[in-house]
Amino acid sequence: MTSTLIGNTLKAWHFLYKRGFIEGFGHISARLPDSDQFIIARHSLGPKATAEDFLVLDLEGRKISGKGDIPGEYPIHLDIFRARPDVGSIIHYHGMYSTAFTTSEQMLRPIHLMGTIFHDGVPIYPDPRLVSNRQRGEALAKALGPHRAVLLRAHGAAITGGNIEEAVGGAFLFEENAHRACISAGLGKPVWLDEQTAAAAGEELLKNRGPFRRVWALVESDAEK
């Protein structure tokens, strides 16, 4: 199970790096099943990553195994995992489009069908500084609350999922929704989906899980090239 999880996390890393989500900044983690440990990409990991580039940490932030330094913002992952037992994977990245909504008067909401999986809201963590200590990690986890994603003001985003496939699909669809919203805002006032429509559509997508399967098919396709 652990080797499969690391293999899938590595595929996800390559996919996100290739598609511009990471580009030197960002990290990915996945909870190890039936344990109080998780794997996380080491500090300064580049596009030519291997399975050996992932560290194992416990829920106290101690490195259990692996070579390399722990990412400075590991509390993003540690404290969300501690606060949310339902979360199996977390992606932190500095999305150009999504982060723009933390530095404007517009609040990011579903504007496209696939964005409706975030219909219950996208909270904003107000501190733009690096989440480099447990105090900030706990504050970020509190800001996230029960939601699927949280934006960090003038910084980036943290996307959660029940597993690595769901987290990657979430990040892909989150940024796509933000990109479409930015285009709409550039054309004039964006026309957001109303709350009732977004909730109905989002619940339907989350039930059939089709969007996550489709994005993971892209991940697998990229891995075969």
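Source: prediction; values computed, not measured. Keep in mind that the numbers below use all heavy atoms, side chains included, and drop hydrogens, waters and symmetry copies.
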Would a distance-only check, ignoring hydrogens and angles, find a side-chain to backbone donor-acceptor pair under 3.5 Å from Glu73 to Val131?
-> yes

Heavy-atom closest pair, residues Trp13 and Ile28 = CE3-CG2, 3.5 Å

Check whether any side-chain heavy atom of Lys67 lies under 4.5 Å from a side-chain heavy atom of Arg42, and answer yes or no.
-> no

Any side-chain heavy atom of His14 sitting closer than 4.5 Å to one from Asp222?
-> no

Go through the steps for Trp192 and Ser184 under the test side chain to side chain contact (heavy atoms under 4.5 Å, CB included), then give the verdict.
-> CA-CA 9 Å; Trp192 307 102; Ser184 296; over 6 Å; no

Measuring from Asp53:CG to Ile40:CD1, what's the distance to the nearest 0.5 Å?
-> 13.0 Å

Hey, could you give me each pair passing ring pair (Phe, Tyr, Trp, His ring centres under 6.0 Å) that has a residue in residues 133-167? Not counting sequence neighbours.
-> His92-His155, His94-His155

The reported gap from CD in Glu175 to OH in Tyr97 (rounded to nearest 0.5 angstrom) is 8.0 Å

Could you check if a side-chain atom of Ile117 sits within less than 4.5 angstrom of a side-chain atom of Phe212, using non-hydrogen atoms only?
-> yes

Apply salt bridge (charged side-chain N to carboxylate O under 4.0 Å, His left out) to the pair Arg134 and Glu138, showing each step before the final yes or no.
-> CA-CA 6 Å; Arg134 293 294 308 282; Glu138 290 171 358; 3.7 Å; yes

Is there a donor-acceptor pair closer than 3.5 Å between any side-chain N or O of Arg109 and the backbone N or O of Ala181?
-> no

4.5 Å side-chain heavy-atom contact, Arg180 and Asn177 | no

Look up atom OG1 in Thr160 and atom CD in Glu166, then write down how far apart they are to the nearest 0.5 Å.
-> 7.5 Å

Is Asp86 atom CG crowded by more than 12 heavy atoms from other residues, nucleotides or ligands, each under 6.0 Å away?
-> yes

What is the distance from atom CD1 of Ile64 to atom CG of Leu55, rounded to the nearest 0.5 Å?
-> 11.0 Å

Carboxylate-amine/guanidinium contact Lys207 Glu203, below 4.0 Å | no

Does Glu60 come within less than 4.0 Å of Arg82, counting only side-chain N to carboxylate O?
-> yes

Within a reach of under 6.0 Å around CD of Gln135, are more than 12 heavy atoms found that belong to other residues, nucleotides or ligands?
-> no

Scanning both residues in full, the closest heavy-atom pair of Gly68 with Lys63 reads O-NZ, 2.8 Å

Locate the shortest heavy-atom distance separating Arg31 from Phe38; write the atom from each residue and the value.
-> CA-CB, 3.8 Å

Would you find a donor on one side and an acceptor on the other, under 3.5 Å apart, between the side chain of Thr102 and the backbone of Ala154?
-> yes

Can you check whether Asp79 reaches Leu140 side chain to side chain, under 4.5 Å on heavy atoms?
-> no

Can you hop from Leu205 to Ile159 via hydrophobic side chains spaced under 4.5 Å?
-> yes

Exercise: identify the closest heavy-atom pair between Val168 and Trp216 = CG2-CZ3, 4.2 Å

Chi angles and distances behind the side chain to side chain donor-acceptor pair (under 3.5 Å) call for Thr50, Glu52 | CA-CA 5 Å; Thr50 68; Glu52 288 69 38; 3.1 Å; yes

For residues Leu78 and Leu59, determine if any side-chain heavy atom of one lies less than 4.5 Å from a side-chain heavy atom of the other.
-> yes

At what distance, to the nearest 0.5 angstrom, does CD1 of Ile80 lie from CD1 of Ile90?
-> 4.5 Å

Are Leu57 and Leu5 joined in one hydrophobic group, where the rule is that I, L, V, M, F, W and Y side chains link up if heavy atoms are under 4.5 Å apart?
-> no

Can Leu113 be reached from Phe172 by stepping across I, L, V, M, F, W or Y side chains whose heavy atoms are under 4.5 Å apart?
-> yes

Value for OG (Ser29) from CD1 (Ile76), rounded to nearest 0.5 Å, stands at 9.5 Å

Could you tell me which non-hydrogen atom of Ser98 sits nearest to which non-hydrogen atom of Phe174, and how far apart they are?
-> CB-CE2, 3.5 Å

Heavy-atom side-chain contact between Val56 and Phe54 under 4.5 Å = no

Transitive ILVMFWY side-chain link Ile111 to Ile183, under 4.5 Å = no

ILVMFWY cluster, Ile39 and Phe81 together (side-chain gap under 4.5 Å) | no

Output yes when a side-chain donor or acceptor of Ser89 lies under 3.5 Å from a complementary backbone atom of Ala30, and no otherwise.
-> no

Taking all non-hydrogen atoms of both residues into account, name the closest pair between Leu152 and Ala158 and its distance.
-> CD1-N, 4.0 Å

For the residue pair Met107 and Ile124, establish whether any side-chain heavy-atom pair is separated by less than 4.5 Å.
-> yes

Ignoring hydrogens and angles, tell me if any N or O in the side chain of Thr103 forms a donor-acceptor pair with the backbone of Ala100 under 3.5 Å.
-> yes

